[in-house]
Amino acid sequence: HLGGQVWEGIQELGWELMTPHDANQRAGNICFTTPQIEGLTDWLAQRGILVWGSYAGVSRVRVSTHLYNTEEDVQRLLGALKDLPSSMKG
């Protein structure tokens, strides 16, 4: 449920998703790419939103939803991504 909201919201904002849309083909993690990985992850961390950054040389952001996350958390993430300065949007 929350993963689907994250996927849809990130897609609507125009990010390139690595994670399949089909919920049967994904776990609770949603990944998308950006060349501005450090700036983006720092921007989110400054707003209290913690995500995983690049891994094994791949500039991707991994968003993980769990039982303790809420729809408000998803909306906070999507709002922060929407407010991201254009220089960090890649």
Side-chain angles (χ1 to χ4, degrees):
H1 176 70
L2 294 178
Q5 290 179 14
V6 170
W7 196 100
E8 294 289 337
I10 290 172
Q11 193 248 359
E12 287 176 13
L13 292 171
W15 297 95
E16 182 180 345
L17 286 139
M18 299 174 71
T19 304
H21 182 252
D22 185 350
N24 294 320
Q25 296 181 348
R26 67 171 190 252
N29 303 319
I30 306 298
C31 295
F32 63 98
T33 61
T34 177
Q36 303 292 335
I37 191 72
E38 289 185 30
L40 190 144
T41 55
D42 288 347
W43 168 266
L44 293 174
Q46 290 170 8
R47 285 147 185 79
I49 302 167
L50 303 178
V51 296
W52 290 94
S54 64
Y55 176 76
V58 178
S59 291
R60 61 91 174 116
V61 176
R62 186 180 88 186
V63 179
S64 301
T65 57
H66 296 284
L67 292 174
Y68 52 82
N69 291 116
T70 65
E71 290 185 9
E72 290 79 20
D73 293 330
V74 171
Q75 292 309 310
R76 219 164 42 91
L77 165 69
L78 297 175
L81 289 174
K82 185 176 181 180
D83 293 342
L84 192 69
S86 59
S87 64
M88 281 194 242
K89 292 185 179 178

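- Transitive grouping of hydrophobic side chains (ILVMFWY, heavy atoms separated by less than 4.5 Å) keeps M18 and I30 in distinct clusters.
- Residue pairs meeting the ring pair (Phe, Tyr, Trp, His ring centres under 6.0 Å) criterion with at least one member in residues 56-76, sequence neighbours excluded: H66-Y68.
- Between F32 and V63 the shortest heavy-atom distance is CE2-CG2, 4.1 Å.
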Could you list the donor-acceptor pairs under 3.5 angstrom formed between side-chain atoms of residues 2-14 and any protein atom two or more places apart in sequence or on another chain?
unit_1: Q5; atom_1: NE2; unit_2: H1; atom_2: NE2; d: 3.0
unit_1: Q5; atom_1: NE2; unit_2: E71; atom_2: OE2; d: 3.3
unit_1: W7; atom_1: NE1; unit_2: T19; atom_2: O; d: 2.8
unit_1: E8; atom_1: OE2; unit_2: H21; atom_2: NE2; d: 2.5

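- The closest side-chain heavy-atom distance from V74 to N69 is not below 4.5 Å.
- Using modelled atom types, one finds no donor on one side chain facing an acceptor on the other under 3.5 Å when comparing T34 with Q36.
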Side chains of residues 42-61: which donor-acceptor partners sit under 3.5 Å, not counting sequence neighbours?
unit_1: W43; atom_1: NE1; unit_2: A80; atom_2: O; d: 3.1
unit_1: R47; atom_1: NH1; unit_2: W43; atom_2: O; d: 2.9
unit_1: R60; atom_1: NH1; unit_2: G53; atom_2: O; d: 2.3

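- Separating the OG1 atom in T65 from the CG atom in N29 is a distance of 7.5 Å, to the nearest 0.5 Å.
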*asked:* Is there a side chain to side chain contact (heavy atoms under 4.5 Å, CB included) between L40 and L81? Walk through the geometry before answering.
replied: CA-CA 8 Å; L40 190 144; L81 289 174; 4.2 Å; yes
